[in-house]
Visitor: 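Handing you a structure now.
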Amino acid sequence: MTEKAAKWIFWLGTLSSLVLFLVLTVDTHSQFAALTHADQLDEQVIAGKRAFEHYNCNDCHTILGFGGYYAPDLTRAYTRLGSDTIRRRLAAPDVAFADSYRKMPQQNLSEQEIADIVAFFRWVSEIDNHDWPPQHSEARWKRSTERLMAGAVLSPGAALINQEDCLTCHALGDRGEKIGGRLEWIGSRRNSAWIAEYLANPEAFAPGTEMPSFEHLSGEQRLMIGEFIVSLDTAEGR
Amino acid sequence: MTYRTQNVAFPYFVVALLLFGLQVIVGLWLAINYFFTVPQDVVNVFSFATARAMHTNLAVLWLLLGFMGSTFYMVPEETESELAWPKLAVAQLVILSLTGVTALVGFLFGWTQGRPLLEIPFTLDVVIVIGVLMFLANIGTTMIRAKRWTATQGSLLAGLVFLALMYLFGMPFYKNLAVDWYYWWWVIHLWVEGAWELIAAALTAFILMKLTGVDRKVVEKWLYVELGLFLFTGIAGTGHHYYWLGAPKYWLWVGGIFSALEPLPILLMVVDTLRDVRKRTKPLEPKLTWVYLIGMIILHFIGAGLFGFAHTLPGINYYTHGSQVTVSHGHLAFFGAYVLLNLTFFYFAIPRLKGLPGNNYDERAGHWGFWMMSLGVVGMSLAFAVAGVLQSYLERMMGQSYMLSQEPIRFWMFVVFLHGLIVVAGVFITIKHLLTLKPAPAGAGGGAGS
C-alpha cells in the first residue's frame with residue numbers, strides 16, 4: 001500500500017462515518033419528543049431527575065441499563081412496583097430492605113423529593129425503548145395474563161380479586177392502577193402462603209404501606225388469591 | 001532523554017501511579033460489597049455508589065494524567081524542540097491533581113453531579129477545562145513553533161483536542177433522560193473508542209519507532225490506516241449504546257454493523273506491532289518493556305475487541321445490556337488498552353528520564369508486577385463474565401427478580417475479590433518498581449545493544 005492510499009483510507013473512513021453519525025443524530029433528535037413522550041416532561045419530572053442525580057442513585061442502580069450494576073434496573077420501576085412501593089422504599093430503605101443482603105443508604109429524602117422521584121420514574125417507564133429490559137416487559141406480562149385468562153375457567157382467586165377491588169391499586173394484564181406492585185411481578189417473586197399472610201396484615205410486612213388489611217377474608221380465601229397471583233408467573237417468554 | 005523539558009513528564013507519572021494504587025484499593029472494597037452484607041450504618045455514610053464514583057474517576061484521572069505526562073515526554077522528541085512553557089505544565093499538574101482530590105473528597109460528602117463516570121460537579125468541570133486548555137495551548141504552541149509536522153504527533157494532537165471537545169458534552173444538565181444518555185456516550189464512547197484510540201495509536205507508534213528502529217515512513221503509513229479504521233468503526237459504532245435508550249430503531253442496524261467491525265483496527269494494530277518487532281534493528285532490551293508492549297496489544301485486542309464484540313450485537317445485547325457482562329468487558333478493555341499503554345510508556349520513558357545506562361534497568365520485580373496484574377485482571381474479568389452470563393440468563397431470560405438472580409453471583413464476586421488481591425499486589429510491586437528503577441546489574445545482559 002502506498003502512503004497516498006493510506007491517507008485516502010483515513011479521510012474516507014473518518015468522514016463517511018462522521019457524516020452518517022451526524023445526520024442520524026439530527027434525525028434522532030426529531031424523533032426523541034415522540035419516543036420519550038416529551039410533552040409529559042413537566043417541572044416535577046425534571047425536579048425528580050435532579051433529586052435522582054443529587055443522591056447519586058445511578059451509581060448503584062442502572063436506568064435504561066446504564067449506571068452501577070449493584071442494584072435493580074429502574075427503567076420500569078414504576079411499572080412493576082407502583083408509586084406506593086417506591087415511596088416506602090425511598091422513605092425508609094433500612095426498613096424495606098431490613099432482610100436483604102444488600103442495603104440501600106438512608107438519605108432522609110423529603111416528602112416532596114420522593115414525590116418528584118416517583119414522577120420521574122413514571123415518566124421514564126413510558127419511554128419507548130424497544131421493550132427493554134426483557135424481565136420487566138409490560139407487553140409480555142399483558143400477553144401471558146391474557147393467555148391465562150382466556151384458557152382458564154375463572155378461578156376463585158381471580159373472582160376474589162375482582163370482588164375485593166384489588167385493581168384499584170394494582171395492575172394486572174391490561175387493567176388496574178400503579179399504586180401497588182403489578183400482580184404478575186409479585187407472583188414471580190413470592191409464594192402463595194407468603195401472599196396470604198401479607199394480605200392479613202400488610203403493615204407488618206411493609207410498615208407505612210397504603211394497602212389495607214384483608215383480614216375479613218378467611219385464610220382459605222387469602223390463599224386462593226395467593227395461588228392465583230403465583231399462577232401469573234409464567235417462566236416462558238420473559 | 002534528549003530535551004531538558006521532557007523532565008516535566010516525571011511528576012505526572014508519579015501522581016498517576018499513586019492514584020492508580022488508590023483506585024485498585026477502592027476496587028477491592030467494591031468487590032467486598034457484592035458478597036458481604038455491609039451493615040446499614042456503614043452504607044448510610046459510605047455507600048457502594050460513593051465508592052464506585054471514586055473507583056471510576058480515579059481511573060479516568062490517572063489514565064489522563066499518564067497520557068499528559070507521556071505527551072510531554074513525546075512532543076519535544078517529535079518536534080525536535082523544547083516545550084513552549086515547561087512551568088505551565090507543572091502548574092497544570094498541580095491544578096488537575098488538586099481538582100481531582102477535591103472531587104474525591106467531595107464525593108464522600110455527597111457533592112456530585114450524580115451521573116455515572118461524570119460525577120464531578122460543574123464547578124470543578126470548569127477548572128478541569130481550564131487545565132486542559134493550558135495543556136492544549138502548551139502542546140499546540142510547541143508544535144506550531146517547531147513546524148515539524150509528523151503523522152504521529154498529528155494523531156496525538158487530534159486525539160487530545162477531540163478528547164477535550166467531547167468532555168464539554170458531559171457538562172450540562174439535560175432535562176430529558178434519553179437525550180442525557182445520548183450525549184453521555186459522546187464523552188464515554190467517543191473517548192475510549194475514538195479520542196483515546198488516537199492517542200494510544202500515536203504513543204504506540206512513537207515507542208515502536210524508538211524501540212525497534214523501524215523506518216518512520218512504514219510506521220506512519222500504517223498509522224493512517226489504523227486511525228481511519230478506528231474512526232470509521234468507532235464514530236458510527238457509538239450506535240451500539242443507543243439500542244435501548246429511547247432512540248429510533250435504525251440504531252440497532254447502524255450500531256450492530258459498525259461495532260461488529262470495531263475489532264478490525266485493533267487487529268491491524270496487533271499485526272503492525274508484531275511486524276515492526278520482527279523487523280527491528282535493535283535488540284529486545286530490556287525485556288520487560290517488550291513484555292508490556294506485546295501484553296498491551298494482545299489484551300487490548302481481547303478485552304476491547306473480542307469481549308466487546310461478544311455482546312455488541314442487538315440480539316445478544318438485549319439480554320446482556322447493563323449486566324455484569326458489561327463489567328467484565330469494561331475491566332479487561334480498560335486494563336488491556338489503556339492501563340498497559342500507560343505503563344508501557346512509563347517503562348519506556350522513566351529509564352531515559354533518569355538517564356540509566358543504556359536505557360536499561362533492573363527488571364526483575366517488574367516482571368512479577370506485570371504477570372500478577374495481567375493474570376489477576378484476566379481472571380477477574382472471567383469471573384465477572386460468569387456472573388454476567390448467569391445474570392443475563394436468570395434475570396433477563398427466566399424473569400427472576402434481580403436480587404434472586406444475584407444470589408449465585410455472590411460466589412463469583414468472591415472469586416473476583418481473590419483475583420483483585422493479586423491485582424493489588426501486582427500494582428503495588430509495579431508502582432514501587434517504576435518509582436525506584438535501578439540500573440541493570442552488571443553482567444545481566446544490560447547495555448549490549450545500546
Side-chain angles (χ1 to χ4, degrees), chain A residues 1 3 6-7 9-14 16-18 20-21 24 27-28 31-32 35-36 38 41 46 49-50 52-60 62-73 94 100-106 124 127-130 132-135 188-189 233 235 238, chain B residues 33-34 37-40 43-44 47-50 52-53 110 112-116 119 175-179 181-182 184 217 221-222 224-225 227-229 231-233 235-236 238 243-250 254 258 318-319 321-324 326-327 395-399 401-404:
Chain A
M1 188 184 302
E3 195 184 321
K7 282 184 180 168
I9 291 179
F10 172 74
W11 286 111
L12 267 180
T14 306
S16 61
S17 194
L18 183 66
L20 175 69
F21 187 63
L24 292 184
D27 184 75
T28 299
Q31 298 197 40
F32 263 141
L35 288 164
T36 65
L41 187 62
I46 294 165
K49 184 171 186 286
R50 285 194 188 276
F52 180 75
E53 291 176 4
H54 180 76
Y55 293 102
N56 205 19
C57 310
N58 214 169
D59 258 327
C60 281
T62 47
I63 193 161
L64 295 170
F66 308 121
Y69 312 100
Y70 187 67
D73 187 83
D94 47 340
S100 173
Y101 58 86
R102 259 181 227 171
K103 307 295 183 190
M104 174 160 141
Q106 168 56 277
V124 171
I127 292 178
D128 177 2
N129 68 339
H130 317 313
W132 191 93
Q135 73 274 19
S188 70
R189 315 173 64 215
D233 172 38
R238 283 281 135 72
Chain B
N33 274 261
Y34 271 95
T37 299
V38 181
Q40 182 77 44
V43 172
N44 286 347
S47 67
F48 180 91
T50 307
R52 183 180 188 267
T112 169
Q113 209 176 14
R115 295 156 71 223
E119 292 91 344
K175 291 178 182 175
N176 187 320
L177 185 72
V179 178
W181 286 110
Y182 192 91
W184 188 87
K217 264 194 148 30
K221 182 179 77 185
W222 289 105
Y224 275 116
V225 183
L227 298 182
L229 286 179
L231 292 173
F232 177 70
T233 59
I235 296 175
T238 314
Y243 297 161
W244 324 116
L245 61 68
K249 210 152 201 168
Y250 51 67
V254 177
F258 279 84
Y318 186 61
Y319 294 102
H321 175 53
S323 73
Q324 295 291 335
T326 317
V327 180
E395 188 193 13
R396 277 73 188 287
M397 299 184 89
M398 300 303 289
S401 82
Y402 176 88
M403 288 309 285
L404 205 57

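Letters A, B, ... are given to chains in the order of the sequence lines, protein chains preceding strands, and every chain is numbered from 1.
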Visitor: Determine whether A:Phe21 and B:Val254 satisfy the following criterion, side-chain contact (heavy atoms from CB on, under 4.5 Å), listing intermediate values before the conclusion.
Guide: CA-CA 9 Å; A:Phe21 187 63; B:Val254 177; over 6 Å; no
Visitor: In terms of heavy-atom pairs under 4.5 Å, which option from B:Leu229, B:Leu245, B:Thr50 contacts chain A the most?
Guide: B:Leu245
Visitor: State the CZ-CE distance between B:Phe48 and A:Met104, to the nearest 0.5 angstrom.
Guide: 15.0 Å
Visitor: Looking at B:Gly322, B:Gly246, B:Ser323, which makes the most heavy-atom pairs under 4.5 Å with chain A?
Guide: B:Gly246
Visitor: Distance check, rounded to the nearest 0.5 Å: A:Lys103 atom NZ versus B:Gln40 atom CD?
Guide: 6.0 Å
Visitor: Between B:Pro248 and A:Thr28, which heavy-atom pair has the shortest distance, and what is it?
Guide: CD-CG2, 3.5 Å
Visitor: For chain A, which of B:Phe258, B:Phe232, B:Tyr243, B:Tyr402 has the most heavy-atom pairs under 4.5 Å?
Guide: B:Tyr402
Visitor: Measure across A:Trp132 and B:His321 and return the closest heavy-atom pair with its distance rounded to 0.1 Å.
Guide: CZ2-O, 3.2 Å
Visitor: Under a 3.5 Å distance rule, please check whether B:Gln113 uses its side chain to pair with a backbone N or O of A:His54 as donor and acceptor.
Guide: no
Visitor: Do you know which of B:Trp244, B:Trp222, B:Trp184 has the most heavy-atom pairs with chain A at a distance under 4.5 angstrom?
Guide: B:Trp244
Visitor: For chain B, which candidate among A:Leu18, A:Thr62, A:Leu12 shows the most heavy-atom pairs at distances under 4.5 Å?
Guide: A:Leu18
Visitor: Which region of A:Ile127, side chain (C-beta onward) or backbone (N, CA, C, O), has a non-hydrogen atom less than 4.5 Å from a non-hydrogen atom of chain B, or is it both or neither?
Guide: side chain
Visitor: Okay, side chain of A:Tyr101, backbone of B:Met403: is any donor-acceptor separation there less than 3.5 Å?
Guide: yes
Visitor: Look at the side chain of B:Asn44 and the backbone N and O of A:Gln106, then say whether any donor-acceptor pair between them is shorter than 3.5 Å.
Guide: yes
Visitor: Looking at A:Ile9, A:Leu35, A:Leu20, which makes the most heavy-atom pairs under 4.5 Å with chain B?
Guide: A:Leu35
Visitor: Among B:Val225, B:Asn176, B:Thr112, B:Leu227, which has the most heavy-atom pairs under 4.5 Å with chain A?
Guide: B:Asn176
Visitor: Drop me the distance from B:Leu177's CG to A:Asn129's CG, to the nearest 0.5 angstrom.
Guide: 10.5 Å
Visitor: What is the minimum heavy-atom distance between A:Pro105 and B:Ser47, and which atoms define it?
Guide: CG-CB, 3.9 Å
Visitor: Using side-chain contact (heavy atoms from CB on, under 4.5 Å), reason through A:Lys49 and B:Lys175 one step at a time and then give a plain yes or no.
Guide: CA-CA 8 Å; A:Lys49 184 171 186 286; B:Lys175 291 178 182 175; 5.9 Å; no
Visitor: Name the member of B:Ile235, B:Thr37, B:Thr233 that forms the most heavy-atom pairs with chain A at distances under 4.5 Å.
Guide: B:Ile235
Visitor: Please find the pair of heavy atoms, one from A:Cys60 and one from B:Ala49, that lie closest to each other, and give the distance.
Guide: SG-N, 3.4 Å
Visitor: Angle class for the A:Phe66/B:Trp181 ring planes (parallel below 30°, perpendicular above 60°, tilted otherwise)?
Guide: tilted
Visitor: If you look at every heavy atom in B:Thr326 and A:Tyr69, which pair is closest and at what distance?
Guide: CG2-OH, 3.4 Å
Visitor: For A:Asp128, is it the side chain, the backbone, both or neither that has a heavy atom under 4.5 Å from a heavy atom of chain B?
Guide: backbone
Visitor: What part of A:Gln31 gets closer than 4.5 Å to chain B, counting heavy atoms only: side chain, backbone, both or neither?
Guide: side chain
Visitor: Can you say whether A:Met1 sits under 4.5 Å from chain B via the side chain, the backbone, both, or neither, judging by heavy atoms?
Guide: both
Visitor: Rounded at 0.5 Å granularity, tell me how far OG1 in A:Thr14 sits from OH in B:Tyr224.
Guide: 11.0 Å
Visitor: Could you tell me which portion of A:Leu24 (side chain, backbone, both or neither) has an atom closer than 4.5 angstrom to a non-hydrogen atom of chain B?
Guide: both
Visitor: So which heavy atom on B:Ser401 is nearest to which on A:Arg189, and how close?
Guide: CB-NE, 3.7 Å
Visitor: Side chain, backbone, both or neither: which part of A:Leu41 has an atom under 4.5 Å from a heavy atom of chain B?
Guide: side chain
